[in-house]
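Read the structure below first, then the notes.
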Amino acid sequence: MPAQKIETGHNDVVHDVSMDYYGKRVATASSDATIKIIGLTGNSTSHHLATLTGHQGPVWQISWAHPKFGSALASCSYDGRVIIWKEGNQNEWTQLQVFDHKSSVNSIAWAPHELGFCLAAGSSDGNISVYTSRSDGSWDTTKIDQAHPVGVTSVTWAPSMGPGSLVASEGSEPVQKLASGGCDNTVKVWKLYDGNWKMDCFPALQMHSDWVRDVCWAPNLGLPKSTIASASQDGTVVIWTVAKEGGQWEGRVLKDFKNPVWRVSWSLTGNLLAVASGDNNVTLWKEAVDGEWQEVTTVDQ
């Protein structure tokens with residue numbers, strides 16, 4: 001597939017890009033405090049559809065909700081706000097809900113759609129908030145207080161089906177788990193027990209020597225193990241795996257990139273990992289049969 005360059009129309013740094021479920025639209029977040037919605041067409045052209053204004057500072061991340069909840073986006077910003085946007089008429093967006101935090105909100109992630117219309121947000125105030133929409137239009141909030149006391153940089157949800165299952169078995173409750181990364185150089189795993197979030201890994205996962213910039217939980221697609229990738233300011237990406245529920249997580253360094261690593265992202269099948277690093281490269285990695293990770297390709301920037 002040929003690379004497609006998109007003119008975003010932002011007049012400052014772009015921090016995040018998110019493609020919608022159908023691959024027809026891209027949302028971009030920028031330091032200019034706006035979000036742009038861009039339409040993609042089959043012949044490698046793109047066109048501006050909407051500009052969303054409402055944040056008072058740099059917008060760090062954006063994320064499309066699953067289409068079963070309609071056309072909706074979430075965004076988070078340095079201004080301490082999480083905004084949930086809803087599209088009414090085509091390309092007409094309104095603010096459905098605004099959540100305020102004490103300091104910068106650095107990361108947001110929609111839960112698997114089986115868990116409902118539910119969003120996690122990680123903030124520099126050290127807390128993770130989980131917002132769940134109720135049928136009457138109100139929102140429930142649960143919190144992980146001081147998840148990373150010096151600041152939360154990233155949040156990611158576990159797949160809703162436990163490791164080893166391709167389909168949810170009758171009567172089985174969906175898995176409600178999160179992983180987070182922080183300025184304390186650690187990755188932590190959290191599980192919802194009776195309405196309260198509790199740490200689900202002991203001790204915290206520590207192989208990084210600087211801020212964890214991103215964490216991403218891999219889809220499991222019937223595999224018996226759970227896998228999380230973490231990227232750090234220290235230049236390394238670590239692949240964390242746990243063989244069974246309640247087991248001990250083990251980490252192995254994918255590579256030392258010698259530059260800060262900003263983002264890690266799994267393919268939908270969970271067998272390819274994309275890594276965006278500070279040398280302006282995006283590399284793709286695949287696990288070989290022997291468990292070693294091999295670089296498949298570099299995406300030219």
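When reading the values below, keep in mind they use all heavy atoms of this one structure, side chains included, and skip hydrogens, waters and symmetry mates.
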task: Check whether any side-chain N or O of Ser77 sits under 3.5 Å from a backbone N or O of Pro58 as a donor-acceptor pair, and report yes or no.
output: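 Looks like yes, one N/O pair under 3.5 Å.
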
Atom pair [atom1] ([X]) and [atom2] ([Y]), whose distance is rounded to the nearest 0.5 Å:
X: Trp93; Y: Ile35; atom1: CH2; atom2: CD1; value: 9.5 Å
X: Lys188; Y: Trp249; atom1: NZ; atom2: CH2; value: 15.5 Å
X: Cys216; Y: Ile228; atom1: SG; atom2: CD1; value: 9.5 Å
X: Asp234; Y: Met207; atom1: CG; atom2: CE; value: 9.5 Å

Can you see whether [X] engages [Y] through a side-chain donor-acceptor pair at a distance of less than 3.5 angstrom?
X: Asn106; Y: Ser124; value: yes
X: Asn281; Y: Thr283; value: no
X: Thr45; Y: Thr41; value: yes
X: Asp12; Y: Ser30; value: no
X: Thr153; Y: Trp211; value: no

Going hydrophobic residue to hydrophobic residue with side-chain gaps under 4.5 angstrom, can you get from [X] over to [Y]?
X: Val175; Y: Val189; answer: no
X: Val275; Y: Val215; answer: no
X: Val59; Y: Ile6; answer: no
X: Val26; Y: Leu49; answer: no

What do you reckon, is [atom1] of [X] surrounded by more than 12 foreign heavy atoms closer than 6.0 Å?
X: Tyr78; atom1: OH; answer: no
X: Glu250; atom1: CD; answer: no
X: Asp136; atom1: CG; answer: yes

Which pair of heavy atoms, one from [X] and one from [Y], lies closest together, and at what distance?
X: Lys24; Y: Asp20; value: N-OD1, 2.9 Å
X: Ala74; Y: Ile108; value: O-CD1, 3.2 Å
X: Ala147; Y: Ile128; value: CB-CD1, 3.7 Å
X: Ser123; Y: Ser103; value: OG-O, 3.3 Å
X: Met161; Y: Asn220; value: O-ND2, 2.9 Å
X: Ala109; Y: Val155; value: CB-O, 3.7 Å

message: Tell me if the centroids of the rings in Phe99 and Trp139 come within less than 6.0 Å of each other.
response: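 Centroid separation for Phe99 and Trp139: below 6.0 Å.
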
field: Check: Trp190 ring centroid to Trp217 ring centroid under 6.0 Å
entry: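 No; Trp217 has its ring centre 6.0 Å or more from that of Trp190.
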
task: Please identify each residue that fulfils ring pair (Phe, Tyr, Trp, His ring centres under 6.0 Å) with Trp293, with sequence neighbours left out.
output: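 Trp293: ring pair (Phe, Tyr, Trp, His ring centres under 6.0 Å) contacts with Trp266.
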
message: If the condition is ring pair (Phe, Tyr, Trp, His ring centres under 6.0 Å), which residues does His48 pass it with, not counting sequence neighbours?
response: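 Here no residue qualifies.
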
- prompt: Run the salt bridge (charged side-chain N to carboxylate O under 4.0 Å, His left out) check on Arg252 and Glu287 step by step: do they pass?
  reply: CA-CA 12 Å; Arg252 78 191 284 177; Glu287 188 177 11; 5.8 Å; no

- request: Decide yes or no on side-chain hydrogen bond (donor to acceptor under 3.5 Å, both in side chains) for Asp140 and Thr132, but give the supporting numbers first.
  value: CA-CA 5 Å; Asp140 276 338; Thr132 308; over 6 Å; no

field: Identified side-chain contact (heavy atoms from CB on, under 4.5 Å) counterpart of Ile84 within the set Trp110, Tyr131, Phe69
entry: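 For Ile84, the side-chain contact (heavy atoms from CB on, under 4.5 Å) check succeeds only for Trp110.
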
Residues Asp16, Arg263; criterion salt bridge (charged side-chain N to carboxylate O under 4.0 Å, His left out); working and verdict: CA-CA 10 Å; Asp16 197 20; Arg263 296 298 288 273; 3.0 Å; yes

